Amino acid sequence: MRAGEMLVGPAKALFMDEISNGLDSSTTFQIVKYMRQMVHIMDVTMIISLLQPAPETYDLFDDIILLSEGQIVYQGSRDNILEFFEFMGFKCPERKGVADFLQEVTSKKDQEQYWFEKNQPYRYVSVAEFSQAFYSFPIGQQLAADLSIPYNKTKTHPAALVTEKYGISNRELFMACFDREWLLMKRDIFVHIFKITQITIMSLIALTVFWRTTMPSGTLLDGWKFFGVLFFSLMNVMFNGMAELAMTVLGLPVFYKQRDALFYPPWAFALPIWVLRIPISLLESAIWVVLTYYTIGFAPAASRFFRQFLAFFSIHQMGLSLFRFIAAVGRTQVVANSLGTFTLLLIIVLGGFIVAKEDIEPFVIWGYYISPIMYGQNALVMNEFLDKRWSANNTDPRINAPTVGKVLLTSRGFFTDDYMFWVCIGALVAFSILFNVFFIAALTYLNPLGDSRAAVLEEDDEKKKKSLYGQMASEGVDMAVRNALQPNHAPRKGMVLPFQPLSLAFNHVNYYVDMPVEMKKKGIREDRLQLLRDVSGVFRPGILTAFVGVSGAGKTTLMDVLAGRKTGGYIEGTISLSGYMKNQATFARVSGYCEQNDIHSPYVTVHESLLHSAWLRLSSDVNTKTRKQIFYYLKTWGRLKYQICELPQAVPGVPKIKDGYNPATWMLEISAPSVETQLNADFAEIYAKSSLYQRNQELIKELGTPPLGSEDLYFSTKYSQPFVTQCKACFWKQHRSYWRNPQYNVIRFFMTIVIAAIFGFILWKKGQQMTKQQDLINLLGAMFAAVLFLGASNATSVQAIVVIERTVFYRERAAGMYSALPYAFSQVVIEVIYVTIQTLVYFLILYPMIGFEWKVVKVLWFFYYILMCFIYFTMYGMMVAALTPDVQIAAIVTSFFLSLWGLFSGFLIPRPQIPIWWRWYYWANPMAWTLYGLVTSQVGDKDASLEVPGEGDVPLKLFLEYYLGFEYDFLPAVALAHVCWVIGFFFVFAHGIKCLNFQKR
């Protein structure tokens, strides 16, 4: 695919890096052969990097550049490279592939075997010496001479270099990217249907919570519920676009590759996304407004209906543009999620609803005017409260406004002139354009974030041993496998392994999958697609067996079936282990499956991965001596390799293998379907009729029968190590993985500090200021935002970590290393440790800045509720990730329930005003318990009075009890509820990890 992308373009200078990854030698040979013809016929400049190509592939190249340790050892004709090394005293044996020889002759450990100057003692020749000597060799001298002559630019043809940056016009660039984005949208239709379903469900919930019969209008007290539902609507429409962030991040790696290859400019990538999201914004906004407007009971005029629809459409477009821009700046899921949550927090807190405009400190008031949410909120509330049904005269002389509607707007600092509605809509459109421009700029100038790489310096053996033992001593990890590495000078002869030799026989194995929909559309009527057909074979102790086949032959499929790693499909046939039917539970204990793709924790070193595996896989009764490093030397050579060619060469029309030709490559070439068609032969059928097949069947029958006196494999425990050891090993690994993940933890602590400082400045010394109803509403809103946004940041950012580690967990669990509970326990414990530190930092900054009382009880209550809140938010994010297949779906589900948590938290609509049929969810909402605990613990014991518009002075305790439903004596029950939420989310997370497997194999 990578090579094809480059070859179909107009490029005349091609750089191909490791294009043979995942390909068999025959396919690699065919590809390089085609490229050689292309170079010779079309006069293309091409350099190909290959790792140890097969001899016949190596022979296709004209020139060779040999690179070692960052230095060029040879550059010139392929025909002269062996001559150069003979000049240096090294000769390639006749039966040795030249490519293999070139890899080894510069290696310190392999070089000596190729020394052929027997009359002179061997001396190691370093890479630097080879490189220096090359320029004494005629080829090197000629190369130096050619390079010393400046290129004559007059010989350059005027059309040799292109004069335009891209190969097609701007219109064609846009249309090509538009067609591709449209195709991707159709293939991601599930995500878009999921989002539409989500906003439909949320609108149905909203209309049942704020049903028009419970929404009287015209008075000051009635207005607060309308404020709440409009803010909830705005938040829901905004958060429904958050999936755009995850989808954009997933598409960035391909964009960066194609941008750097000059496929298209960044604007051609960004504009189609913007244009194609407009119908989605129209649809989602229409669903929300149509379902909620008249059922909730907003202003009945048709013009007000369409104005609200326009406002929501503008807000949705602005939100999508903002999330795309954040994704382009963040560039990874963890960074983008954290940055997105922080940005939302900033613009929503400064939007004028959570904290009123008059209560924002003067030095941060600029944030109010640059917050796009402020303009969306103003447009929505002005559209409602400037309607004539809110035009009753104001009876409260303390507020300077003529009507009830304008009193409500003025009390929160919103605009009161009708023309400002259109100013707000214009501002939202301008923000949408601005964020898309910023998105294009970020795509243009930012590059992918590079992964950290560890550099290991070469040391001599004694230094390596000393540093290894010193490192182990400093780490102080108590496990037997490390003790195995300590030197043991006791004399010994050989090694007796406590492992029973086993044979694996499989007979008439068939594997089917459900027929893909695409193939059914082409007229195929079968319900199943067969991938393995009547496969039989046997693996014996002491025999090294190779699976050979072209790409797509079914090698990985058969390995997955035999190893028990398939998660879907239908398997037929028998698989036996030393004569007994294979039991996957015991088979996992005695087998090791090295998969095609590396699946390891990205922040754990190779050495630590091996220690972790040995710690959990080796049985507890294996002593320290047996845990020593085991070296296997396999030295097989001779005519055996030519036996595989005997059967095909007996078929009429099959050409004989040439001398020196690679037998494996020859087998792959002549067994290709195209060759079978030319020969009118079926090699599988020929093999099934051969004597070799009959002998193999007899061997399968023999090894498929249990020997006399043998017993089936049995282990007294399911896992090699007890539960406690599994927990220790998993926690040890998680600790190292988290410690080396600065992208996750540094961002987390940075956001914690910044968010705490922002709330501290916004609520500077307002903790003791309780004279007006708005003061309490500001405090309640600030606590609402403080726990929701930082908690949501924890919930969303942890999901990428869980999904990555879950893939590793699937492999390690299938290998029988540990059960799901120790894994879940270790990941939860390491998160709790980091969250505790995060909470301490948050508390030390926020609490004194707000100015709460420094009483021991209040300090401990505040710290406890914040700590438990952040823990259950993190547990919730981990739980959702464990229950969903990928980060995209997890983000959508998370935003859905976070919207519900915000709605029923007691801030947007107090518990006494929630309809009786929804009041149960208030108690089933963990965030409601946190707001209850935080606000009540800090102000619930105060004997103060509040100035309530239209009501006069009301005692604070009475207002808390009757308006919000908060009682100070209920705090111990609130504290216990937090523990229950944490434990509940943990067990659902562990159950999801244990029972659900989202691998598609």
Side-chain angles (χ1 to χ4, degrees), residues 334 337-338 341 474-479 601-605 608 611-612 615 723-753 755-756 787 790-806 808-809 818 820-847 860 862-882 926 930 975 978-990 993:
V334 173
N337 282 335
S338 301
T341 305
S474 63
E475 289 174 352
V477 178
D478 179 21
M479 63 179 183
S601 297
Y603 299 103
V604 177
T605 66
E608 289 168 346
L611 290 175
H612 181 252
W615 192 356
F723 178 82
V724 174
T725 304
Q726 294 177 42
C727 291
K728 288 172 60 179
C730 290
F731 178 78
W732 175 81
K733 179 183 175 185
Q734 291 291 348
H735 165 59
R736 279 153 175 74
S737 183
Y738 269 62
W739 182 251
R740 298 195 185 105
N741 191 353
Q743 206 176 81
Y744 175 49
N745 289 310
V746 172
I747 294 269
R748 182 200 330 222
F749 286 108
F750 172 77
M751 280 196 56
T752 300
I753 295 171
I755 290 175
V787 298
L790 195 53
S793 175
N794 282 6
T796 54
S797 59
V798 77
Q799 289 172 343
I801 304 298
V802 172
V803 170
I804 291 172
E805 291 291 338
R806 182 176 63 183
V808 182
F809 162 76
Y818 48 76
L821 191 57
Y823 170 82
F825 173 79
S826 66
Q827 194 161 27
V828 166
V829 169
I830 195 66
E831 275 291 344
V832 168
I833 292 173
Y834 278 88
V835 168
T836 303
I837 300 172
Q838 176 190 23
T839 305
L840 183 62
V841 173
Y842 194 66
F843 166 80
L844 291 176
I845 297 174
L846 183 62
Y847 195 86
L860 292 178
F862 188 89
F863 181 81
Y864 172 80
Y865 287 128
I866 291 289
L867 172 63
M868 298 304 288
C869 170
F870 289 166
I871 290 176
Y872 74 62
F873 262 106
T874 305
M875 296 299 102
Y876 166 73
M878 297 171 71
M879 178 190 74
V880 172
T930 300
H978 280 75
V979 177
C980 296
W981 283 113
V982 170
I983 295 174
F985 286 152
F986 165 71
F987 278 109
V988 176
F989 166 65
I993 285 290

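As the structure is a computational prediction, the values presented were derived from the model and not from experiment.
The line from CG of Asn741 to OH of Tyr834 is 9.0 Å long, rounded to the nearest 0.5 Å. Atom CD1 of Ile830 and atom CH2 of Trp732 lie 13.0 Å apart (nearest 0.5 Å). Rounding to the nearest 0.5 Å gives a distance of 11.5 Å between CD1 of Ile866 and CD1 of Ile871. Rounding to the nearest 0.5 Å places NZ of Lys728 at 14.0 Å from OG of Ser826. Separation of atoms OH (Tyr818) and SG (Cys727) is listed at 11.5 Å; rounding is to 0.5 Å. We find the CG-CE distance between Asn794 and Met751 to be 8.5 Å, quoted to the nearest 0.5 Å.
What you find for Phe989 and Gln827 is that their closest heavy atoms are CZ-OE1, 3.7 Å. For the pair Cys730 and Pro822, the tightest heavy-atom approach, listed with the atom from each and the gap, is CB-O, 4.0 Å. Minimum heavy-atom separation, Ala820 to Ala990: CB-O, 4.4 Å. For the residue pair Ala756 and Leu846, the shortest heavy atom distance occurs at O-CD1, 3.7 Å. Of all heavy-atom pairs spanning Gln799 and Ala881, the tightest one is CG-CB, 4.0 Å. Here the shortest heavy-atom pairing between Ile801 and Tyr738 reads CG2-OH, 3.8 Å.
Listed by chain and residue number, Asn337, Thr341, Thr894 satisfy the side chain to side chain contact (heavy atoms under 4.5 Å, CB included) test with Thr796 (two or more places apart in sequence, or in another chain). Applying the ring-ring contact (aromatic ring centres under 6.0 Å, His included) rule to Phe825 yields no partners; only residues at least two apart in sequence or on another chain are considered. Remark: Tyr847 pairs with Phe843, Phe852, Trp854, Phe862 by the ring-ring contact (aromatic ring centres under 6.0 Å, His included) rule, at least two apart or across chains. Residues that satisfy the salt bridge (charged side-chain N to carboxylate O under 4.0 Å, His left out) test with Arg806, not counting sequence neighbours, are absent from this structure. Legend: residues meeting ring-ring contact (aromatic ring centres under 6.0 Å, His included) with Tyr823, ordered by chain and number and at least two apart, are Phe809. Taking the side chain to side chain contact (heavy atoms under 4.5 Å, CB included) definition, one finds that Leu844 meets it with Leu840, sequence neighbours left out.
Using a 4.5 Å heavy-atom threshold, the side chains of Tyr744 and Val798 count as touching. By the 4.5 Å heavy-atom criterion applied to side chains, Tyr865 and Val787 are not counted as neighbours. The closest side-chain heavy-atom distance from Ser797 to Ile747 is not below 4.5 Å. Inter-residue side-chain proximity for Leu790 and Gln838 is flagged as met; some heavy-atom pair is nearer than 4.5 Å. Counting heavy atoms from C-beta on, the side chains of Phe723 and Leu821 come closer than 4.5 Å.
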message: Assess the residue pair Gln734 and Glu831 against the criterion (side-chain contact (heavy atoms from CB on, under 4.5 Å)); give the C-alpha distance rounded to whole Å, side-chain angles, the decisive distance to 0.1 Å, and a yes or no.
response: CA-CA 9 Å; Gln734 291 291 348; Glu831 275 291 344; over 6 Å; no
- request: Check step by step if side-chain contact (heavy atoms from CB on, under 4.5 Å) holds for Glu608 and Arg740.
  value: CA-CA 13 Å; Glu608 289 168 346; Arg740 298 195 185 105; 2.7 Å; yes
task: Please step through side-chain contact (heavy atoms from CB on, under 4.5 Å) for the pair Ile755 and Tyr842, ending with a clear verdict.
output: CA-CA 8 Å; Ile755 290 175; Tyr842 194 66; 4.1 Å; yes
task: Report the C-alpha separation of Trp615 and Thr725 in whole Å, then their side-chain angles, then the decisive distance to 0.1 Å, and conclude whether the side-chain contact (heavy atoms from CB on, under 4.5 Å) test is met.
output: CA-CA 9 Å; Trp615 192 356; Thr725 304; 3.4 Å; yes
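The aromatic rings of His735 and Phe731 sit parallel, their planes meeting at an angle under 30°, below the 60° perpendicular limit. Using bins of under 30°, 30° to 60° and over 60° for the plane-to-plane angle, the ring pair His978/Tyr872 lands in the tilted bin.
No hydrogens or angles considered: a donor-acceptor pair under 3.5 Å links the side chains of Ser601 and Lys733.
Checked by atom type and distance alone, the side chain of Tyr876 never pairs as donor or acceptor with a backbone atom of Ala795 at under 3.5 Å.
Remark: Phe750 CZ is loosely packed, at most 12 non-hydrogen atoms of other residues, nucleotides or ligands lying under 6.0 Å away.
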